[in-house]
Amino acid sequence: MSYGGGSSGGRGGRRLEYGRTYVVRPKGRHQATIVWLHGLGDNGASWSQLLDSLPLPNIKWICPTAPTRPVAAFGGFPCTAWFDVEETSLDGSDDTEGLDASAAHVANLLSSEPSDVRLGIGGFSMGAAAALHSAACYAHGRFTNGTVYPITLSVVVGLSGWLPCSRTLRSKIESSQTCLRKASALPILLNHGRADEVVTYRNGERSAEILRSSGFQYTYFKAYDGLGHYTIPEEMDDVSKWLSSRLGLDRPRG
């Protein structure tokens with residue numbers, strides 16, 4: 001099942017249309033809903049098929065497709081992207097307008113879920129960066145532009161990604177006891193391949209270090225020897241086990 005998204009902002013105030021959203025319904029009791037964000041140039045379909053195969057019958061997955069926009073890293077060539085990016089590292093410039101627009105789109109997708117269902121965000125590569133931006137907005141209580149962040153997150157997962165807006169994170173989280181309390185209670189799983197040629201392993205490792213030092217003390221980081229910029233069954237098995245334990249999901253029968 002799928003439904004279309006609305007429009008988003010980007011650099012220069014352009015209105016951008018989201019692509020198709022794919023939904024994987026829970027096969028068991030609906031205990032959690034997780035929005036999963038694809039990487040640069042991809043779409044929601046490929047991840048929905050992979051997530052549907054995981055032994056997590058109590059999770060509903062929402063897999064949106066990013067807008068097609070010019071991307072600086074590709075010399076302005078348009079492709080699906082959650083925000084504009086020049087380099088996939090902590091040291092690049094941050095498209096806060098595009099990041100906020102994607103975080104708002106994700107929050108909107110989760111806002112109509114039942115009140116007894118726990119909410120999470122995950123992603124791969126650029127999708128992981130967008131998920132971590134959502135984690136920062138949740139803990140801070142507002143988006144970068146000052147708008148109130150509307151939902152409560154229970155888990156965040158980032159595979160082969162990096163932390164955007166890393167230079168300002170600590171001051172945001174330390175701005176109040178409420179922010180620190182929310183950050184310290186949010187479990188985050190970051191996985192990264194040591195052989196990643198797109199988002200270097202050091203960028204993944206530094207992202208985890210900055211998150212922890214900024215107050216996200218339940219940040220778990222796992223390295224995979226020989227893994228490049230893709231996912232493998234062992235990694236997705238680790239994600240499944242981590243989500244089951246953090247969300248307190250019912251154990252699959254059989």
Side-chain angles (χ1 to χ4, degrees), residues 1-24 34-51 61-110 121-137 143-145 147 156-168 192-193 196-200 203-204 207 228-231:
M1 167 155 185
S2 66
Y3 50 93
S7 60
S8 102
R11 277 183 177 154
R14 289 183 301 272
R15 303 295 288 175
L16 300 166
E17 290 296 320
Y18 284 91
R20 186 171 169 182
T21 296
Y22 299 80
V23 177
V24 178
I34 298 176
V35 170
W36 192 273
L37 304 172
H38 61 73
L40 186 61
D42 200 0
N43 60 62
S46 55
W47 278 98
S48 69
Q49 292 161 9
L50 174 59
L51 296 167
W61 299 96
I62 302 176
C63 303
T65 299
T68 297
R69 68 176 84 208
V71 175
F74 295 156
F77 186 81
C79 67
T80 52
W82 298 111
F83 51 94
D84 192 13
V85 62
E86 291 172 13
E87 55 180 290
T88 53
S89 80
L90 277 72
D91 304 311
S93 64
D94 294 304
D95 173 17
T96 53
E97 193 179 346
L99 282 158
D100 270 1
S102 288
H105 183 65
V106 170
N108 184 49
L109 289 173
L110 290 170
I121 304 173
F124 174 79
S125 189
M126 172 182 260
L132 291 177
H133 182 70
S134 289
C137 292
F143 298 99
T144 313
N145 63 18
T147 306
V156 172
V157 178
L159 311 182
S160 309
W162 73 96
L163 175 67
C165 308
S166 59
R167 293 181 278 285
T168 57
H192 217 101
D196 195 322
E197 69 288 359
V198 177
V199 182
T200 65
N203 271 296
S207 296
H229 198 66
Y230 49 88
T231 188

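Bear in mind the structure is a predicted one, so any value in this text is a computation, not a measurement.
- The two atoms that bring A128 and G161 nearest to each other are CB-CA, 3.7 Å, heavy atoms only.
- Looking at T168, its side chain does come within 3.5 Å of a backbone N or O of C165 through a donor-acceptor pair.
- D196 pairs by the side-chain contact (heavy atoms from CB on, under 4.5 Å) definition with S160, H192, V198, V199, H229, not counting sequence neighbours.
- Scored by the ring pair (Phe, Tyr, Trp, His ring centres under 6.0 Å) test, F143 finds Y149 as partners (sequence neighbours excluded).
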Show, in sequence, the C-alpha distance, side-chain angles and deciding distance for Y22 and Q49, and conclude whether the side chain to side chain contact (heavy atoms under 4.5 Å, CB included) test is met. CA-CA 9 Å; Y22 299 80; Q49 292 161 9; over 6 Å; no

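- Annotation: side chain of D95 is in contact with side chain of R69 (closest heavy-atom distance under 4.5 Å).
- S46 and D42 are linked by a side-chain donor-acceptor pair at a separation below 3.5 angstrom, with hydrogens and angles left out of the test.
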Working note: D94 + R167, criterion side chain to side chain contact (heavy atoms under 4.5 Å, CB included); need CA distance, chi angles, decisive distance, verdict. CA-CA 10 Å; D94 294 304; R167 293 181 278 285; 4.0 Å; yes

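- S134 and A103 get closest at one heavy-atom pair: OG-CB, 3.5 Å.
- For the pair T65 (side chain) and G19 (backbone), a donor-acceptor distance under 3.5 Å is absent.
- Residues C63 and L51 share a closest heavy-atom pair of SG-CD1, 3.7 Å.
- At least one donor-acceptor pair closer than 3.5 Å links the side chain of S207 to the backbone N or O of L163.
- With sequence neighbours left out, the side-chain contact (heavy atoms from CB on, under 4.5 Å) criterion links A130 to L37, W82, F83.
- Taking each heavy atom of V35 and P64 in turn, the nearest pair found is CG1-CD, 3.8 Å.
- In this structure the side chain of S93 reaches within 4.5 angstrom of the side chain of E86, judged on heavy atoms.
- Taking CG of N108 as the reference point, atom OH of Y18 lies at 9.5 Å (rounded to 0.5 Å).
- Residues A131 and G123 come closest through the heavy atom pair CB-N, 4.4 Å.
- Every residue meeting the side-chain contact (heavy atoms from CB on, under 4.5 Å) condition with F74, not counting sequence neighbours, appears here in chain and number order: L40, V71, F77, C79.
- For the side-chain contact (heavy atoms from CB on, under 4.5 Å) test, residues two or more places apart in sequence or in another chain that qualify with T144 are T96, D100, H133, K172.
- Side-chain atoms of N203 and T88, non-hydrogen and from C-beta on, never get closer than 4.5 Å to each other.
- Evaluation of the ring pair (Phe, Tyr, Trp, His ring centres under 6.0 Å) rule for W47 yields W36, F124 as partners, not counting sequence neighbours.
- Using a 4.5 Å heavy-atom threshold, the side chains of L110 and I34 count as separate.
- Across V24, I62, N43, a single residue satisfies side-chain contact (heavy atoms from CB on, under 4.5 Å) together with S48, and that is V24.
- In terms of heavy-atom proximity, D84 sits nearest to A72 at OD1-N, 2.8 Å.
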